[in-house]
Structures are given as structure tokens and as C-alpha cells.
Amino acid sequence: MADEREQLRYDPATIEKKWQERWAADPRLYAAEPATSDKPKYYVLEMLPYPSGQLHMGHVRNYAIGDALARQMWMRGYNVLHPMGWDAFGLPAENAALKNHTPPREWTLRNIADMKRQFERLGMGFDWATEVTTCLPEYYRWNQWFFLRMYEKGLAYRKKSKVNWCPECATVLANEQVIDGCCWRHEDTKVEQRDLVQWFFRITAYAEELLRGLETLEGWPEKVRTMQRNWIGRSEGTEVDFFLEEIQPGTGIRDQETEKQGTEKQGTTDQGAKGPERQRIRVFTTRVDTILGATSVQLAPEHPLVATFTAEDAELKAKVDELLEQQRSAREAGDLGAIEKHGVATGRFGINPYSGERVPIWVANYILMDYGTGAIMSVPAHDERDFEFATKYGIEIRQVIKPLTEGEDANALPFISEDGVLVNSGEYDGLTCAQAQKKLQEVATRGQFGEEKVIFRLKDWGVSRQRYWGTPIPMIYCERDGVVPVPEDQLPVLLPEKIEITQQGGSPLARVPEFVNTICPKCGGPAKRETDTMDTFVDSSWYFYRYTDAKNDKAPFDPAIVKYWFPIDQYIGGVEHAILHLIYSRFWTKVMRDLGLVKNDEPVERLFTQGMVIKDGAKMSKSKGNVVSPDEMVARYGADSARMYSLFAAPPDRDLDWQEDGVAGVSRFLARVYRLATKYSPLVPAGKGPIAEVPVGTSLKLLRKLHQTIAKITQDFEGRWHFNTDVAAIMELVNEIQAAESELDSGNVPSPVISALFRDLILLLAPFAPFLVAELWEQLGEQGAILRAPWPKSDPLLAREDEIEIPIQINGKLVAVIRVPADADAKAMEAAALADEKVKARIAGKAVIKVIVVTGRAVNLVVK
RNA sequence: GCGGAAGUGGUGAAAUGGCAAACACACCAGCCUUAGGAGCUGGCGCCCAAAAGGCUUGCGGGUUCAAGUCCCGCCUUCCGCACCA
């Protein structure tokens with residue numbers, strides 16, 4: 001007995017080492033077939049990792065999910081593309097260089113080698129032949145190529161703009177990299193604003209399409225679609241010009257004419273046509289219907305008009321500067337929303353184009369220059385913010401909307417934001433808000449003082465980074481010819497390798513004369529290269545296309561191959577990429593489509609966002625000190641146990657609470673599988689083939705459970721993906737087999753049944769525990785890879801129960817459970833229910849008013 | 001404030017509107033032993049000494065023969081967005 005135990009002892013270290021070596025020697029094992037294959041294709045992709053040095057548990061979970069899916073699809077006969085690569089440019093490599101004087105390239109490539117070994121140790125089924133490493137010229141040259149294409153199309157352009165500057169990184173951050181006013185990498189470092197000339201991608205040109213496209217992405221989580229919708233931030237409204245009341249130069253005296261004109265024109269519709277020479281203040285509003293209630297105009301401190309007001313008014317300038325400073329510090333603190341409203345009256349007036357009414361012009365610290373027009377009309381009666389401001393500064397509050405709901409005294413309310421009918425609005429009185437909006441827009445358009453307008457919160461994508469470790473932007477600046485793109489045949493613009501990384505500001509490439517100094521491709525004269533590099537989100541915006549044709553040195557990829565594989569059938573990754581990476585990727589796909597490179601409008605058919613890995617109530621992180629190392633788990637319990645636990649502990653879309661005892665439990669389970677399968681595997685080959693006799697007794701019981709399990713798991717893979725319950729179902733099956741062990745030993749169960757049981761059990765486990773199943777599959781005498789074996793089919797006749805348990809309720813309360821034949825009809829079920837002793841006792845002397853029978857489900861007696 | 005998700009035993013969790021707590025972990029009792037991070041048997045939501053019985057899915061209503069599940073209102077937690085005009 002002891003010897004037997006020892007012999008059947010599960011030793012993952014030995015098994016996993018053996019198979020890891022074999023798999024490494026077989027590069028075709030996980031390779032996709034060419035695009036000419038006649039199998040149905042399946043492209044399953046997990047987000048590529050940044051090569052930080054070590055995989056963490058979040059990676060293990062992410063890739064365990066994807067690998068399970070890939071393996072199951074292989075077994076179902078699909079041509080599966082399951083690639084992996086490295087998001088290898090980025091700041092940590094430079095930080096590491098600073099810290100220990102390792103060149104970024106060396107540091108990065110070493111990390112990649114380490115992490116690749118970890119992947120292999122975990123048994124991940126990636127096709128390494130298509131590996132993509134974004135920091136290599138073979139890849140980033142195509143970033144440059146795309147940049148040039150986008151430049152030609154006007155989609156890449158240069159502009160001076162305020163940028164988020166992280167003093168710690170000494171670089172510009174994208175808006176998305178600013179979290180609560182701080183750098184995304186340095187949570188305690190406040191981001192500053194600086195002016196720099198930057199390269200931008202015109203993602204706003206696709207804003208409308210990116211938004212509309214979300215409607216088609218039914219395979220994406222609603223949460224992600226909502227986040228993108230909010231990010232794009234489409235807002236329908238009206239732009240309207242208030243005319244600037246002119247003053248006599250130098251006198252400060254108002255232009256009486258303007259005022260008079262305006263007053264006279266009240267209620268007419270053509271006053272805007274009068275003077276295109278008149279200065280205007282354009283405001284954006286979603287509530288043009290309230291414009292007759294506008295009692296001031298509010299400008300952002302940075303509004304260009306403000307500078308003209310302050311030019312001759314030092315006192316005003318000082319006040320505006322103060323407002324600007326308040327806004328800046330609030331922005332830097334990340335709590336713009338909490339800023340205390342301050343403002344200053346400019347002493348100037350605007351003219352309402354509809355009424356000719358004079359309204360004062362203010363500058364306010366809560367008005368943002370980078371949204372809308374940087375100017376608003378203020379309607380205190382119908383907007384909370386305007387109400388607050390007007391109350392504070394004693395500006396008139398004039399109600400122009402009468403709410404539809406009666407009863408409430410409108411005058412008692414601070415402000416009314418609800419829908420209603422216009423009042424105090426001259427000829428527009430009586431119109432509903434919607435009617436008024438339409439009408440007022442028409443009037444503005446006709447009068448050329450405004451128009452219907454859709455604006456977006458989405459900004460163009462600033463891609464310049466003053467960093468070394470990124471793709472050089474392929475542009476040249478010539479004193480004579482200006483901005484000149486690097487000719488395509490001179491690509492790639494290589495990133496120089498000999499460079500010292502320092503923490504000094506600006507772009508490190510600017511300190512490499514051999515790089516900077518070049519000749520102008522147009523005139524041949526001396527010129528300088530762009531020294532900024534590209535945002536690393538550029539790299540990850542199209543890498544998944546490169547996988548399909550990773551070795552192509554003539555083009556980023558062959559469109560014909562991409563056409564076969566795209567869109568990606570299933571993309572899996574963390575929800576933290578819901579906006580940045582996933583919106584840029586969608587943008588890039590649309591650009592490539594318009595360049596004629598791809599046919600698909602969207603890159604990803606189905607998206608799955610897995611939950612975080614939590615320990616002791618917090619996300620695993622170094623700062624929290626609750627990190628569990630995959631290497632350690634693998635060393636202790638084996639890769640199969642670590643992987644399977646990460647699937648078993650929670651459904652994949654939820655956060656997972658890491659408990660090491662749970663890993664040990666899964667390991668014990670696998671040990672039982674190993675023991676049972678090893679013990680009975682000698683019986684399996686002999687029993688291969690159809691089951692001749694009709695199974696009865698224990699055989700039937702086990703086969704029934706087996707086929708129910710096959711059905712459950714097969715169905716679950718179709719989209720529900722509750723792998724935790726799939727693993728639980730396999731555990732139940734194994735529990736039943738184990739409970740029948742003495743019967744198996746006694747020879748009462750025919751060998752074809754034993755054979756079917758163990759073959760299918762191993763096949764069912766194949767997506768979850770690749771090492772163990774490889775070993776057991778071999779033990780069964782099988783030669784080929786288990787991935788090439790077909791996924792088991794559930795036989796409905798075998799899965800079917802012939803007797804089922806039916807709960808009997810009286811007035812909705814459970815009183816008994818009876819057994820009836822599975823095919824019992826309503827009549828039979830009712831009769832059986834009424835025949836039950838407990839039921840009889842309960843209904844004795846009472847009237848059964850109604851009997852509800854749900855065939856195969858339940859019986860409920862309504863009794864009085 | 002707006003939007004999204006969630007709330008079930010000591011813990012992770014399960015449950016096409018039809019027996020709440022499957023499967024595990026932890027714990028308790030026992031067995032075995034070459035004493036192990038091993039294996040086996042049993043117990044394990046709450047109330048009641050036990051049985052019988054009753055109660056139980058954040059709170060309050062509702063729909064239904066029947067609600068963890070659907071609807072309405074509220075509370076709490078997490079995530080995203082936020083004076084966005």
C-alpha cells in the first residue's frame with residue numbers, strides 16, 4: 001500500500017519540467033496554420049505585458065484565461081492564433097538605466113528573456129514564432145511608416161500646446177496619464193502645465209465614428225463602452241455669438257449707437273447680419289432655449305479677449321491673473337470640480353443677439369478654455385453653477401422656463417433645470433424647451449450669429465515624448481524647407497544606442513549630435529532631426545496586426561493575411577485599458593482602413609476584462625507589500641495548480657481574492673486526479689472503443705455524471721466563461737469516480753466505461769492543467785499532443801437522468817421533495833405530489849384551490 | 001452630481017423565476033501512518049439542550065402560485081467620469 005501511494009504520488013516539479021522541455025523542442029505545437037487554411041479561424045489575444053522584469057499574479061490570471069480558451073478552441077478544431085509579444089518601450093527602462101547604469105535596451109531584452117522563461121514555465125501555449133517586441137527596429141520602423149502616412153493625410157500635425165509636465169519624469173504626459181492631478185507613475189507628484197510644440201494625431205477627426213462604433217461592439221462589456229462614451233463626451237448644443245459692445249478708444253465711454261441698435265432690434269431676427277466687423281464672443285450652450293435668461297457672459301481667464309481687456313487695465317489684469325492661478329492650482333490638484341467660484345467683472349458688456357440686451361462680461365475661474373469656446377452665457381435661473389455664481393456676485397436671476405409640473409412654487413426654487421415652457425422670452429414664450437431650441441438655432445443660423453453645434457470632450461492625441469526609450473519621430477527640421485518628413489526609404493530612423501541617460505529635462509536625443517545633425521532630404525543642406533519620441537501607446541495601437549505577419553520587412557503586414565485573421569475574435573485584458581489603449585487601437589484601425597490596409601472597421605469583436613487579483617483586501621502591489629510571486633507559487637505547487645486556482649477562485653470577470661490555502665487545495669485535487677488516472681490507465685487502452693452493452697448501475701451513474709459534466713463545460717466555454725464552476729464540475733466528477741473506486745477495483749465496471757471516463761476526464765482538464773494532462777495522456781498510450789485530440793461530445797441520452805427530484809410547495813413554502821420519472825407529465829407529477837404523506841398531512845381538511853405544475857421543475861399547491 | 005458593477009455562511013463562492021449555500025478553503029471530531037504542507041470518514045448558515053419546528057441572500061415595499069434572481073424606493077462598498085457649459 002505504501003509503495004503504491006509513493007508510486008502514485010503527484011510530483012508536479014518533475015512532470016512540468018519534462019513537458020516544458022518537450023514543448024520547447026516543438027515550435028510547431030502552438031503555431032497557427034497559414035491564412036490559407038480551410039479550418040475556421042480563431043484569434044484569441046491577451047494584452048501584451050510590459051517587460052518590467054517579473055510576471056505578477058494578474059498576468060498569470062490573464063494568460064490562464066486566454067490559454068484555457070485557446071486550448072479548448074484547438075481541441076474543437078479551429079485554426080487558432082494565440083500570439084505573445086512585449087510592450088517594450090517606456091519609461092521604466094530609462095529609470096532602471098538611471099539607477100544601475102544598464103542601457104535600456106539591455107535591461108529590456110534581459111527582462112523579456114526572464115519573463116519568456118516564466119511564460120514557458122507556466123505552460124502558456126503561445127506561438128513564439130510570431131513574437132513581437134516593440135522596441136526593435138523591425139517593429140518600430142512601421143510606427144514611423146504609419147507616422148509618415150498620417151502626416152501625409154493631415155492626421156499628424158504639430159501645434160504649440162499646454163502639456164502636462166511631470167517634474168519627476170521630466171516629460172510630457174498624455175491627459176490619460178494624469179490621475180487626480182498627479183503623474184500616473186508618481187502618485188505624489190503634481191503635474192505642471194507647460195507650453196511646448198508637440199506632435200498630435202487627429203483622433204478627433206474620428207470622434208463621431210468612434211462613438212457610433214461603440215453601438216456595434218456588442219461583444220464588449222457595457223462598462224467599457226460607457227467609459228469610452230464618456231471619454232469621447234459628445235455634447236449637442238448651439239454656438240451663439242454675443243456681440244461685444246464697443247467703447248470709444250481711450251475714453252472708456254460706451255458706444256451709444258451699439259446699445260441703441262441692440263435695443264431697437266429686440267425681437268427681430270436679422271440683427272446679426274448687420275456687422276461682421278463687430279467683435280463677437282462665441283459661447284457654447286446646450287440650453288439655448290434659456291438664452292433670454294442669460295444675465296452675464298463668462299469668459300475663461302485664458303480667453304484671448306480677456307488679454308485685450310487687461311492690456312490697458314493693470315488692476316483687472318492682476319485680478320484675472322489671480323483667477324488663472326486658482327484654476328491652475330485646482331487643475332494641478334486634480335480637484336477642478338471643487339474649485340471655489342471666483343470671478344471679476346470686466347466692465348465690458350456683451351449684447352444678446354436675440355434681444356439686444358446688454359449683459360456684463362465677467363471672467364471666472366471655473367470656465368475652461370479647452371472645452372467648448374472657453375466662454376459661456378450664464379443663466380442663473382436654470383443652471384446650478386450659474387445660480388451659485390450669480391448669488392455670490394449679485395447678478396440678476398431671471399426665470400425663463402416654467403416647469404411643466406404644477407404645484408411647486410417655481411419662485412421658491414433656487415434654480416430650475418427641468419423641462420418646461422418658455423416665459424419672459426418675448427416672441428418665444430409658450431414654446432417648449434425642445435421647440436425653442438430648434439427655433440432659436442434656426443434664427444441664429446439665418447442671422448449668422450450662431451449655429452447648431454456638436455462638440456466633443458475628446459482631444460487630439462499628443463504623441464510627443466521628451467524621452468529616449470521610444471520610437472524616434474521621423475521628421476527633420478530644415479532652416480530653408482521647414483518641416484520635412486524622413487523619406488520612406490530612409491526608414492527606420494534608428495534610435496542611437498550609445499547614450500547616457502540622465503535626469504535632465506528635455507529630450508535625451510537632443511544631446512546626441514550624431515543623431516540630431518542630418519541633412520535635409522529636400523535641399524541637402526544641414527538640418528536637425530526631431531528629438532522627441534512617440535508615446536508608447538502608439539506601439540500597442542496596432543501590434544496585434546503585426547502578429548499575423550510578424551516577419552514582413554516590406555510592409556507592416558500583408559493585408560490579405562490580416563483580412564483572414566481579423567477582427568480579433570476574443571481580446572482579454574485588464575479594465576485599466578478600457579479607455580487609453582482600446583480607444584487608440586480603434587482609432588488606428590480606422591486610420592489603417594482609410595489607408596486601404598485593412599477591411600475591418602473595428603479591431604476587436606469580443607472583449608473580456610478580467611478582474612484584479614486582490615490579497616488581504618487590496619490590489620497586489622509592492623507598496624502594499626501583499627505581492628505573491630508566481631515563481632514561488634509554481635515552485636511550491638506547480639504551474640497547473642497556480643493556473644487552475646486562478647480560474648477556480650472566482651469567475652474571471654470578478655476580482656479574485658488570493659488565498660494560498662486555496663492553491664494547496666487545487667494541488668491536492670490534481671494529486672487525486674493523478675493518482676486515480678495513473679492507477680486505472682493500464683485499463684484504458686484495452687477499453688478504447690464503443691461501449692457495447694447498455695450501461696447500468698455504477699457504470700451508468702458514472703457515465704451520466706461524465707456526460708453532464710461535458711455538456712456543462714462545453715456550454716460554458718461558449719460565452720459564459722464561469723471557469724470556476726467548470727473546475728467545480730470536474731471536481732464533482734472526480735469525487736464520484738473516487739467514491740466508486742472499490743467498484744472499479746472489483747471489476748464490475750467494464751473497461752470501455754473506465755476508458756471513456758478517464759479519457760474524457762483528461763480531455764476536460766486539458767484547458768486548465770496542461771502539464772498534468774500531457775503526462776496522463778501519454779500514460780494512456782497516446783502519441784500525439786492532446787491539443788490535437790477532439791474535444792469530447794456529450795451524449796444527451798447518457799447525460800439524461802431517468803428520475804428527478806421535484807420540490808413540492810404548499811402556498812409557496814417547501815414541504816416535501818419527491819422523486820418522479822424524468823418524463824413525468826403534469827398529471828403524473830400532480831398525482832405524485834398529492835400522494836406524498838407529508839403533503840397529505842398538510843392539506844388534510846383544507847381545500848386545494850389551485851395546483852401549479854411546472855413540468856420537470858416543481859409543484860405548488862394553493863390551499864385554503 | 002452623472003454613469004457602471006457589486007452586497008449570500010468563518011472565507012472564496014454556487015444557484016435558465018422553481019429544494020439557498022454546489023465546489024472548495026478554514027475549523028471541529030475520529031481513523032490511518034513510513035509523522036506529511038499526506039490520505040480516509042463524519043460534522044460545519046442562524047435560533048432551540050436535542051428533536052419537532054422556525055428563521056435566513058444589505059434595508060423597505062411591490063409583482064408572482066413561487067423572488068437571491070424581476071420592478072420601485074433607500075443604504076453601503078468598489079470602479080470610471082466630473083463646475084464639460
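The sequence lines fix the lettering, A, B, ..., with proteins before strands; numbering per chain opens at 1.
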Participant: With rounding to whole Å, what would you report as the distance between B/rU11 and B/rC55 at their C1' atoms?
Facilitator: 23 Å

Participant: Considering every strand and a 4.0 Å limit on heavy-atom distances, what is the contact class for A/Asn860: base, sugar-phosphate, or nothing?
Facilitator: base

Participant: Does B/rU41 have a Watson-Crick or wobble partner in any strand here, with both distances under 3.5 angstrom, and which is it?
Facilitator: B/rA29

Participant: May I ask you to check whether over 12 heavy atoms, not counting those of A/Arg229, lie within 6.0 Å of atom CZ?
Facilitator: yes

Participant: Give one of base, sugar-phosphate or nothing for A/Leu861, where a contact means two heavy atoms less than 4.0 Å apart.
Facilitator: nothing

Participant: Identify whether any heavy atom of A/Asp370 sits under 4.0 Å from a base atom; if not, whether one sits that close to sugar-phosphate; answer base, sugar-phosphate or nothing.
Facilitator: nothing

Participant: Is the backbone of A/Ile367 close enough, under 3.5 Å, to the side chain of A/Gln327 for a donor and an acceptor to pair up by distance?
Facilitator: yes

Participant: On a whole-Å scale, what distance lies between the P atoms belonging to B/rG17 and B/rA49?
Facilitator: 40 Å

Participant: Taking the C1' atom in each of B/rG73 and B/rA82, what is the distance between them to the nearest angstrom?
Facilitator: 26 Å

Participant: Could you tell me how far B/rC48 sits from B/rC40 if I compare only their P atoms? Round to whole Å.
Facilitator: 35 Å

Participant: Would A/Trp461 and A/Phe537 count as a close aromatic pair, with their ring centres under 6.0 Å?
Facilitator: no

Participant: A/Phe669 near the nucleic acid: base, sugar-phosphate alone, or nothing, with a heavy-atom cut-off under 4.0 Å?
Facilitator: nothing

Participant: How do A/Thr285 and A/Leu656 order along RNA chain B: which one's closest nucleotide is nearer the 5' end?
Facilitator: A/Leu656

Participant: If I take atom CZ in residue A/Phe648 and atom C1' in nucleotide B/rC23, what distance separates them, rounded to the nearest angstrom?
Facilitator: 5 Å

Participant: Base, sugar-phosphate alone, or nothing: which one does A/Arg229 contact when heavy atoms must sit under 4.0 Å apart?
Facilitator: nothing

Participant: Please state how far atom CZ in A/Phe242 lies from atom P in B/rA85, giving the value in whole angstrom units.
Facilitator: 17 Å

Participant: Hey, which of these two, A/Lys813 or A/Ala728, hits RNA chain B nearer its 5' end, going by closest nucleotide?
Facilitator: A/Ala728

Participant: Nearest whole angstrom, please: distance from the C1' of B/rA85 to the OH of A/Tyr366.
Facilitator: 8 Å

Participant: Donor-acceptor pair, A/Asn352 side chain versus A/Ile291 backbone, under 3.5 Å?
Facilitator: yes

Participant: Categorize A/Ala649 for me: base, sugar-phosphate, or nothing, with a 4.0 angstrom heavy-atom threshold over every strand shown.
Facilitator: sugar-phosphate

Participant: Under 4.0 Å, counting only non-hydrogen atoms across every strand here, what does A/Gln809 touch: a base, just sugar-phosphate, or nothing?
Facilitator: base

Participant: How far, in whole Å, is B/rA38 from B/rA26 if one measures between their P atoms?
Facilitator: 9 Å

Participant: Around atom NZ of A/Lys392, are there more than 12 heavy atoms of other residues, nucleotides or ligands at under 6.0 Å?
Facilitator: yes

Participant: Determine the contact category for A/Tyr637: base if any of its heavy atoms lies under 4.0 Å from a base atom, sugar-phosphate if only primed atoms, P, OP1 or OP2 are that close, otherwise nothing.
Facilitator: base

Participant: From CZ of A/Arg234 over to C1' of B/rA82, roughly how many Å is that when rounded to an integer?
Facilitator: 20 Å

Participant: Base, sugar-phosphate or nothing for A/Gly665? Non-hydrogen atoms, less than 4.0 Å.
Facilitator: sugar-phosphate

Participant: Ring centres of A/Tyr637 and A/Tyr645 under 6.0 Å apart?
Facilitator: no

Participant: At 4.0 Å (heavy atoms only), tell me whether A/Ile339 reaches a base, stays on the sugar-phosphate, or touches nothing.
Facilitator: base

Participant: Under 3.5 Å, is there an N or O donor on one side and an acceptor on the other linking the side chain of A/Asn230 and the base of B/rC81?
Facilitator: no

Participant: If the P atom of B/rG45 is compared with that of B/rA22, how far apart are they to the nearest Å?
Facilitator: 9 Å

Participant: Rounded to the nearest Å, what distance is computed from the CH2 atom of residue A/Trp231 to the P atom of nucleotide B/rG3?
Facilitator: 19 Å

Participant: Find the distance A/Leu647:CG to B/rA14:P and express it as a whole number of Å.
Facilitator: 13 Å

Participant: Where the side chain of A/Ser667 meets the backbone of A/Val663, is there a donor-acceptor pair that is under 3.5 Å apart?
Facilitator: no

Participant: Would you say the rings of A/Phe723 and A/Phe717 are close, in the sense that their centroids are separated by under 6.0 Å?
Facilitator: yes

Participant: Please classify the nucleic acid contact of A/Gln738 as base, sugar-phosphate, or nothing, using heavy-atom distances under 4.0 Å.
Facilitator: sugar-phosphate

Participant: Distance check: side-chain N/O of A/Arg668 vs OP1/OP2 of B/rA38, anything under 4.0 Å?
Facilitator: yes

Participant: Please state the C1' separation for the pair B/rA20 and B/rU69 - nearest whole angstrom.
Facilitator: 11 Å

Participant: Quick one: A/Met829 CE to B/rC19 C1', roughly how many Å, whole number?
Facilitator: 13 Å

Participant: Would you classify A/Asp386 as touching base, sugar-phosphate or nothing, given that sugar-phosphate means primed atoms plus P, OP1 and OP2, and contacts are heavy atoms under 4.0 Å?
Facilitator: nothing

Participant: Less than 3.5 Å between a donor and an acceptor, one on the side chain of A/Glu732 and one on the base of B/rC23, is that the case here?
Facilitator: no

Participant: Which part of the nucleic acid, if any, lies within reach of A/Pro221 when heavy atoms closer than 4.0 Å are counted: base, sugar-phosphate only, or nothing?
Facilitator: nothing

Participant: Select base, sugar-phosphate, or nothing to describe what A/Arg720 touches, counting heavy atoms under 4.0 Å on all strands.
Facilitator: sugar-phosphate

Participant: Measuring only the P atom in each nucleotide, how far is B/rG68 from B/rC59? A whole number of Å is fine.
Facilitator: 12 Å

